[in-house]
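Within every chain, numbering begins at 1; the chains are lettered A, B, ... in the order of the sequence lines, protein sequences first and strands thereafter. Both backbone and side-chain heavy atoms feed into the values below; hydrogens, waters and symmetry mates do not.
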Number of protein chains: 2
Amino acid sequence: MIKCVKCSEVDAIAKAGIIRGKQRYYCARCDYYFTLPAAEISIATNSSRKHQPTIVDIARELQISKSTVSRALHGHADINEETRKAVLDVAKKLDYQPNLLAYGLAKSKSLTIGIIVPEFINSFFPYVIIGAQEIANPAGYHVLICQSNESYQTEIDNTNVLMSSRVDGILASLTGKTPNVDHFKKFERAGIPIVYFNRVTTDVCASKVIVDDYDGAYQGVTHLIQNGCKRIAHIAGPQNLQICRDRLQGYKDALLHHDMELNESLIIYHDLNPESALHCAQHLLDVPDRPDGLFALNDPAAIATMQVAKEKGIRIPDELAVVGFSNEPTSALVEPGLTTLAQPMAEIGKTAVNLLFKQMNDTSDCFIPETKILKTTLIVRKSSLKRQF
Amino acid sequence: MIKCVKCSEVDAIAKAGIIRGKQRYYCARCDYYFTLPAAEISIATNSSRKHQPTIVDIARELQISKSTVSRALHGHADINEETRKAVLDVAKKLDYQPNLLAYGLAKSKSLTIGIIVPEFINSFFPYVIIGAQEIANPAGYHVLICQSNESYQTEIDNTNVLMSSRVDGILASLTGKTPNVDHFKKFERAGIPIVYFNRVTTDVCASKVIVDDYDGAYQGVTHLIQNGCKRIAHIAGPQNLQICRDRLQGYKDALLHHDMELNESLIIYHDLNPESALHCAQHLLDVPDRPDGLFALNDPAAIATMQVAKEKGIRIPDELAVVGFSNEPTSALVEPGLTTLAQPMAEIGKTAVNLLFKQMNDTSDCFIPETKILKTTLIVRKSSLKRQF
DNA sequence: ACCGGTTGCGAAAGCGTTCCCGGTACTTCC
DNA sequence: GGAAGTACCGGGAACGCTTTCGCAACCGGT
């Protein structure tokens, strides 16, 4: 005996097909289609994921409205001190944790900043990230880390992930293969501020944090010259990156200003993949007229070269003096210690986040990007001090 | 001339105080309080944050409902192929990116897994994270990385952040100071699966991924014994961590099984802070009856000891043979190369995520935790091969 | 003509917040 | 004693999405 769920009519009911596996009925009297509720099937289905307390739970417990709870939790005005305390007590009792997703949806901000780095196996980027967190966390922001793994496609994917996550700002360091920054344009269009650091390009108008790469390279190469090197090679990076062009230029200018000849065959291009470093080193040390000095664009490349040199029995620094870039912790551990240009890694992260915050809080309609250039410091170790000199 | 916004009465209007800076009126006829709307003030306020396209935008463009758009975007059934294509086209045209916050709110899942690590300066955890991402990303999950910086309080804070972010699962490796895992219990209560890896404790019933630390330590110490060491020291870790207890036990048993005496004064406890490593090394090498072999609980501690030994002019391995643990890339770079027990780092990450997914998809009401124990491999380098032996 | 069944889509209820508006009750002041 | 002002609180829309369910339109077989 089927009763219409609306008019409780019994006689005017007709079957009206099957819908989603359930019998459908039609009540001719009230012209209404309906199916019968699934009769208490699975009252407690799979409730493995328990209900997390919400402000509504707190409100119910205290018999007040959720607006009041929300106000209380945020120390808003318009709230009685006693009420506030009561809310805070219940919140603690229920172990309430605000739902950041709901918060983000309501406020159109996620309290998250995204960081895209090419890798974090070497210490450079981890240190930058730690610096960034040191500023971001106390400000209530947390950090979503994406690594592009030196892959252009992954970098694009990462931008989409961060876009979907509705991050409030971006810190980015490009891969060596990124030909353009079109995939970052969407952040600009969406009004999401972005600060590039370290690996930047010139063809974009945005805030940047870099070190004085030209100057660092110039210093490093000059140091090699002063230590008696006559044929100085350079492991350069991908030329899409400004950082690599600057270091290359610093190398070139240092040679020229010291009246040394510039030999293109002594410049090798590294694509920043770990394996590539070894190939560069091999190549470099295999040429007939071997260099007696090397300025590498980063410490891993310098260290890789030192390893290969050792295998070949080439003495460092006497037969080959080496200077790296970054002063990663490892450079102090290798034998001999690697002379290198220290970058203020944590400082880079901090500066970048500060720049980002500045841009996020900027209310003027036309924001003027800023470029911060930090200084490098030459750290002299044994890898560059030729004995016979 | 004020008109009541309800009944348009003019005469029965009286002023009724100021509310939030605005004049309030009272209409005696309809017993109604009201204020006047703020008359078009700031039509275009600060719209620096542009509107991101939503499914409603797509729906409007195609004159269909947002339900249909949602279905189309997810390749649902109940959708006409043509409609689906049209939706996809418009989505592409508008550069639509789904709002993960809204998605998460609606579905009560964030497609995010949280990872808590004590640090990521050394290479171990980065490699684990990369392994984890290799499984998580293709499955549509992304990873929220928190580092506790070896601080118990920060670890607690991190659990709260991850709770608020409504992550769908947790991978955790504890600090050396974590006395208990009460702060992780909330995940259990909320039904959020959690897998501990590497730095685990015994006092919790959860899935774990570890390596056979006991066996690794046993192998390492045996190797030292076989290379002629008579007095083998051990830099041990905090005893709240099972991993450290196991390595210590492996060390002890290896000595006992080879009829060597166990000298408690040769065991030094490292709290895992970077500076502490140097203190341990100093202490170890300053004792009058210096050890001739060292098994360190990890590579950084082993390398720190090698550094200190070098400064003191102690020859490695002849005067002090050293074995580390983990096979971080640096251990191959130091001089002499560090003998160590290789951990399958990426494998640990992958296994942990797989275990997590297994638990997330588990529908049975009582999940049985699993512990995966991976194998270590002894990598012999020069730091342990005494010449005169 | 009617029933059984299929296909495709729309309406609307949530998800957990925030925040704008009203509204009540009370105090203060002329 | 009435108007002005203060202190608090509740209702409800909005954020962008998923999902359930209702319903129209159709088709084929009796």
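The salt bridge (Lys or Arg N to Asp or Glu O under 4.0 Å) search around B:K186 returns none, not counting sequence neighbours. For B:E81, the side chain to side chain contact (heavy atoms under 4.5 Å, CB included) criterion is met by B:R84, B:K85, not counting sequence neighbours. For B:K66, the side chain to side chain donor-acceptor pair (under 3.5 Å) criterion is met by no residue, not counting sequence neighbours.
Of the N and O atoms on the side chains of B:T68 and B:S65, at least one donor lies less than 3.5 Å from an acceptor on the other residue.
Residues B:V56 and B:I58 have side chains not in contact (no heavy-atom distance under 4.5 Å, counting atoms from C-beta outward). Using a 4.5 Å heavy-atom cutoff, the side chains of B:I192 and B:D168 are not in contact. The shortest side-chain heavy-atom distance between B:Q52 and A:R166 falls under the 4.5 Å cut-off.
With hydrogens and angles ignored, the 3.5 Å screen pairs a side-chain donor or acceptor of A:N361 with a backbone N or O of A:F357. Put simply, the side chain of A:S164 gets close to the backbone of B:P98: a donor and an acceptor are under 3.5 Å apart.
Put simply, NE2 on B:H51 is 9 Å from P on D:dC17, counting in whole angstrom units. The nearest whole Å value for the distance from the CZ atom in A:R166 to the C1' atom in D:dC17 is 11 Å. Atom CG in B:L105 sits roughly 5 Å away from atom C1' in C:dG16 (whole-Å rounding). C:dG16 atom P lies 16 Å from atom NZ of B:K109, rounded to whole Å. Whole-Å rounding puts the B:D78 CG to D:dA24 P distance at 16 Å. What separates CD1 of A:I79 from P of C:dT18 is a distance of 13 Å, to the nearest Å. Rounded to a whole Å, the NE2 atom of A:H74 is 19 Å from the P atom of D:dC8. Regarding A:L73, its CG atom lies at a distance of 15 Å from the C1' atom of D:dC9, rounded to whole Å.
A salt bridge does not link A:D89 with A:K92: every distance from a Lys NZ or Arg NE/NH1/NH2 to an Asp or Glu carboxylate oxygen is 4.0 Å or more.
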Given the rule in the side chain to side chain donor-acceptor pair (under 3.5 Å) test, do B:H183 and B:N158 qualify, once you have shown the distances and angles that lead to the verdict?
CA-CA 10 Å; B:H183 50 307; B:N158 286 339; over 6 Å; no

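Between A:K107 and C:dT17 there is no side-chain N or O to OP1 or OP2 distance below 4.0 Å. In this structure, A:T83 reaches the D:dC9 phosphate: one of its side-chain N or O atoms is under 4.0 Å from OP1 or OP2. Contact check, B:Y103 against D:dT19: no side-chain N or O comes under 4.0 Å of OP1 or OP2. At the phosphate of C:dG8, OP1 or OP2 sits under 4.0 Å from a side-chain N or O atom of B:N80.
Residues from residues 63-70 of chain A lying near DNA chain C, meaning a heavy-atom separation below 4.0 Å, are A:K66, A:S67, A:S70 in numerical order.
Between the side chain of A:N99 and the base of C:dC15, no donor-acceptor pair of N or O atoms lies under 3.5 Å. Taking 3.5 Å as the limit, the base of D:dG10 and the side chain of A:R71 contain a donor-acceptor pair of atoms between them.
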Produce the list of close N/O pairs, under 3.5 Å, pairing protein atoms with atoms of nucleotides 26-28 of chain C; give distances to one decimal.
none

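Nearest-nucleotide assignment on DNA chain D puts the 5′-proximal partner with B:A102, out of B:A102 and B:H76.
The side-chain contact (heavy atoms from CB on, under 4.5 Å) with A:I55 is formed by just one residue from the set A:V87, A:N99, A:L73; it is A:L73.
Taking five base pairs at each end of the helix from C:dA1-D:dT30 to C:dC30-D:dG1, the local helix axes there meet at an angle of 60°, rounded to 10°.
As judged by a 4.0 angstrom heavy-atom cut-off over every strand, A:I55 is placed among the base-contacting residues.
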